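A, B, ... follow the sequence lines: proteins, then strands. Residue 1 opens every chain. Note that the structure is predicted; figures quoted are calculated from it, not measured.
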Number of protein chains: 2
Amino acid sequence: MRKRKGAGRPTIADVANKAGVSTITVSRALRDPSMVSDHLRRKINNAVRKLNYVPHSHASALASTRSNIIGVIVPSLTNNVFAESLRAIYDAFGQGAFQVQLGNSRYVPAEEERLVRTFLGQRPSAMIVAGTDQTDVTRQLLENAECPVVQIMDVGDDPIDMIVGFSHFEGGKAAGLHLVQQGYKRIGFLGARMDPRSHRRLEGFKEALQFGGRYDPDLIMTTTLSSSVSLGAELIWQFCARRPDLDAVFCNNDDMALGALFGCQKAGLSVPDDIGIIGFNDLEMMAAAHPSLTSIRTDRYAIGRHAVEMIQSVLSGETPDKKIVDLGFELQVRQSTSRSASAKA
Amino acid sequence: MRKRKGAGRPTIADVANKAGVSTITVSRALRDPSMVSDHLRRKINNAVRKLNYVPHSHASALASTRSNIIGVIVPSLTNNVFAESLRAIYDAFGQGAFQVQLGNSRYVPAEEERLVRTFLGQRPSAMIVAGTDQTDVTRQLLENAECPVVQIMDVGDDPIDMIVGFSHFEGGKAAGLHLVQQGYKRIGFLGARMDPRSHRRLEGFKEALQFGGRYDPDLIMTTTLSSSVSLGAELIWQFCARRPDLDAVFCNNDDMALGALFGCQKAGLSVPDDIGIIGFNDLEMMAAAHPSLTSIRTDRYAIGRHAVEMIQSVLSGETPDKKIVDLGFELQVRQSTSRSASAKA
DNA sequence: TAACATTATGTTAGCGCTAACATCGCAAAC
DNA sequence: GTTTGCGATGTTAGCGCTAACATAATGTTA
């Protein structure tokens, strides 16, 4: 009477019984059908179907000392930028044998560290983390993890393991250069949240303006508030009030840029003639806006897909072509930075 | 030499050893500290810290026949509407002993069914699924699941277990009534994706227009394409070209509404005087737009939080106050449907 | 045909944890 | 002083699966 009862669900032993084979054969047939003869495989598959057997992933993870979990940690769930990469990851992994486990670090490094710890406790098959700005401890944990690790949304010389993304510095620089080239004179930066990636965009922007002889530290406005369209509208107001001579602004992301557009429109300022606006990421809405908004296009979906490909290649025993992949960006010039000739005075 | 080696990580036995107690005592100390004396608890906590012990969740799940996983299935990762509820769920569960496992059904019922099956295979502590439009099989699987199940983003008389959300029918009706009350005459519906929830919004809208004597089936434009700002701009174009007399439009979500605004602006139509626009959900950008956009505000974060509270209450042995919770919505009237008196001709 | 590979399948012993029962120590009750 | 009750701790046997070794069945070579 000491016996414990499981959840009553059919187990691999039930399948083995029904198919008249041993449990290990069922296990093999399910994990790698090529290890089992056609004859038995058919019988096993039938039994599986009849019993409606679903493998118990925890038991499998325990026995094999590795789980089918892919741990993914992003700093935000509502930021569309990460949502796109996530979608790619789910598209690629959602179907197969892997389970994506998602963590939200909320831009807090300590939270990220906690999540990494928890996830590694599950012995994941792979880890995907956003960015390169982990704490030392987090980095060390991931370096010691016995699984492939991909950092996404950034590039750098010294990845934990593999990395795929683009250079925020170069992106910011391209935005700054574009505004200079368009003939804008007093070019500002409007940044919310100001996570490390935004900081790198700002650094690139600064370099471009210095190069163009237009750098003015008083034209940099940042906040730690999280970015939103409303905040963009609010801040461009304040910015213009303080510096009425401002004639262009690089927003650290597209929400802020759209907000800046609305803010200017409310203030009766013409975009692009009175003020030029450029955003970052090129979310879908940027092209549809009126006037359409210039932005730095990044391919977040491709980043997610690429990360998955790198992982799959490592898990199947291959060595990935490159451990550092820069997918770049593309300046999308639109109306919001295209002044009429007369305005370029 | 037959021995297998684990992953080398410290186990509960190592902790027990170091603390000079049995494994079950460690297990108890970690799961319910009140079951163990202060004295031993302190020693155990020390040992845990020194060894950097992380419990092996799979082993725990196997032994206890239930996991600490909360399965969540949503139809889209990029749709901000679900992202907000997800954020609430992660905020509430992310800290504690539970692991959120997220699935993306991509609006495909069969995919949802597959995910439910997979998730239930892990014996989750609870399940959260979006909407009420599961397949019969999915519904049955969830009804038989031995865990609390919460449907979110919708309400209905006949939940699988519990449900929290709002009525899309009533929301659509409120939108329609508002446009009628504002004096618009030829009121259209613009709907993308047209998932079941959008259909219910449309039904509510129809009822309102019929009630107001303004219903015209020719003024309903829908597509199965997924909604986006660009699509909204594109479709309002087509709509106005086909029916130049259109003077108001209810968009099935805010992205479409924002797109419609941009489309009208490009076409030189004044919003709200030539065309009134109302959206659905009231995403943050709606208030910031120029002109600001009327919408039906829903509190997605509260829905997620509420779902978690219901689950926690059931898991702690209580009976939730209500199994069906309607959090309602609120009409946010803004400029896009507020015509000047002269325009109401 | 013997000797040896090469599969295909089986047996056994865990993976790390917890349920179920057993025991122990100590205070209250008789 | 024995009995009873109860909370704190321990012992044992799995949870459902797979690694590692064992063995049987088949093919291959000289």
Side-chain angles (χ1 to χ4, degrees), chain A residues 1-44 47-48 51 53-68 97 120-123 125 146, chain B residues 1-44 48 51 53-69 97 120-123 125 146:
Chain A
M1 258 280 353
R2 191 74 177 296
K3 268 230 175 129
R4 238 148 107 183
K5 55 173 192 324
R9 238 175 281 259
T11 72
I12 204 168
D14 298 324
V15 176
N17 243 309
K18 185 151 203 127
V21 298
S22 71
T23 60
I24 191 71
T25 306
V26 176
S27 177
R28 286 180 184 130
L30 296 176
R31 283 178 300 151
D32 183 359
S34 75
M35 293 178 80
V36 170
S37 65
D38 284 6
H39 175 63
L40 289 187
R41 186 166 54 239
R42 236 187 308 277
K43 276 166 79 172
I44 290 169
V48 165
L51 293 173
Y53 168 74
V54 179
H56 192 298
S57 55
H58 299 296
S60 165
L62 179 59
S64 64
T65 68
R66 73 196 127 70
S67 73
N68 64 346
L120 290 183
Q122 307 195 36
R123 277 142 238 206
S125 287
E146 281 154 16
Chain B
M1 257 284 350
R2 190 74 176 297
K3 268 230 173 126
R4 238 147 104 185
K5 52 169 193 331
R9 240 175 280 257
T11 73
I12 205 168
D14 297 324
V15 176
N17 241 309
K18 183 149 203 130
V21 298
S22 71
T23 60
I24 191 72
T25 307
V26 176
S27 177
R28 286 179 183 131
L30 295 176
R31 280 178 300 150
D32 183 359
S34 75
M35 294 177 78
V36 171
S37 66
D38 284 7
H39 175 63
L40 289 187
R41 187 165 55 237
R42 236 186 308 278
K43 277 165 76 171
I44 290 170
V48 165
L51 293 173
Y53 168 73
V54 179
H56 192 299
S57 55
H58 300 295
S60 167
L62 178 59
S64 65
T65 68
R66 73 196 124 73
S67 74
N68 64 345
I69 287 176
L120 290 182
Q122 307 196 37
R123 276 141 238 208
S125 287
E146 281 155 16

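- Contact detail for A/Gly121 and B/Val54: the closest heavy-atom pair is CA-CG1, 3.9 Å.
- The nucleotide whose nearest atom lies closest to any side-chain atom of A/His56 is, among C/dC17, D/dT9, D/dC17, D/dC17.
- Rounded to whole Å, atom P of C/dT7 lies 17 Å from atom CG of A/Leu40.
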Contacts table for residues 11-23 of chain A: side-chain donor-acceptor under 3.5 angstrom, sequence neighbours left out:
| from | atom 1 | to | atom 2 | distance (Å) |
| --- | --- | --- | --- | --- |
| A/Thr11 | OG1 | A/Ala13 | N | 3.1 |
| A/Asp14 | OD2 | A/Thr11 | N | 2.8 |
| A/Ser22 | OG | A/Thr25 | OG1 | 3.1 |

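- In this structure, the helix from C/dT1-D/dA30 to C/dC30-D/dG1 shows an angle of 40° between the axis at its start and the axis at its end, each fitted on 5 base pairs and rounded to 10°.
- The distance from the CG atom of A/Leu40 to the CZ atom of A/Arg28 is 11.5 Å, given to the nearest 0.5 Å.
- Screening B/His56, B/His58, B/Arg66 for a side-chain hydrogen bond (donor to acceptor under 3.5 Å, both in side chains) with A/His58, the sole residue that qualifies is B/His58.
- Going from atom CE of B/Met35 over to atom C1' of C/dT18 covers 11 Å, rounded to whole Å.
- The CZ atom of A/Arg31 sits 11 Å away from the P atom of D/dC17 (whole-angstrom rounding).
- The line from CG of A/Asp32 to OG of A/Ser27 is 10.5 Å long, rounded to the nearest 0.5 Å.
- Proximity note for B/Arg66 (side chain, C-beta onward) versus C/dT18, D/dT18, C/dA19: the nearest is C/dA19.
- Taking a 4.0 Å limit (strictly below) on heavy-atom distances, residues 14-24 of chain A reaches DNA chain C at A/Val21, A/Ser22, A/Ile24.
- Counting only heavy atoms from C-beta on, A/Ser37 has its side chain closest to C/dT9 among D/dC17, D/dC15, C/dT9.
- The side chain of B/Arg28 approaches D/dG10 more closely than any other nucleotide in the set C/dC17, D/dG10, D/dA19.
- Distance CD1/B/Ile24 to CE/B/Met35: 8.0 Å, rounded to 0.5 Å.
- Interatomic distance, CZ of B/Arg9 versus CG of A/Leu120, reported as 6.5 Å (0.5 Å rounding).
- At least one side-chain heavy atom of B/Val48 sits under 4.5 Å from a side-chain heavy atom of B/Leu30.
- Applying the 4.0 Å criterion to OP1 and OP2 of D/dG10, one finds that B/Thr25 has a side-chain N or O inside that range.
- Phosphate contact (OP1/OP2 of D/dT18, side-chain N/O of A/Ser27, threshold under 4.0 Å): present.
- B/Leu30 places its CG atom 12 Å from the C1' atom of C/dT18, with the value rounded to the nearest Å.
- One interatomic measurement links the two molecules: CD1 of A/Ile44 to P of D/dC17, which rounds to 13 Å at whole-angstrom precision.
- No N or O donor and acceptor, one from the side chain of A/Arg9 and one from the base of D/dG16, sit under 3.5 Å apart.
- Between B/Ser60 and the phosphate of C/dT18, there is a side-chain N or O to OP1/OP2 separation shorter than 4.0 Å.
- Rounded to whole Å, atom C1' of C/dC17 lies 12 Å from atom CZ of A/Arg123.
- For D/dT9, the OP1/OP2 oxygens have no side-chain nitrogen or oxygen of B/Arg41 closer than 4.0 Å.
- Between A/Arg41 and A/Asp38, the closest side-chain pair of non-hydrogen atoms falls below 4.5 Å.
- Between B/His39 atom NE2 and C/dG25 atom P the separation is 15 Å, expressed in whole Å.
- B/Ser67 places a side-chain N or O within 3.5 Å of a backbone atom of B/Arg123 that can act as its donor or acceptor partner.
- Minimum atom distance to the side chain of B/Leu62 is reached by D/dC15, of the listed C/dT18, D/dC15, D/dA19.
- Between the CD1 atom of A/Ile12 and the C1' atom of C/dT11 there is a distance of 15 Å, rounded to whole Å.
- Of all nucleotides listed (D/dA19, D/dG10, C/dA8), D/dA19 comes nearest to the side chain of A/Ser64.
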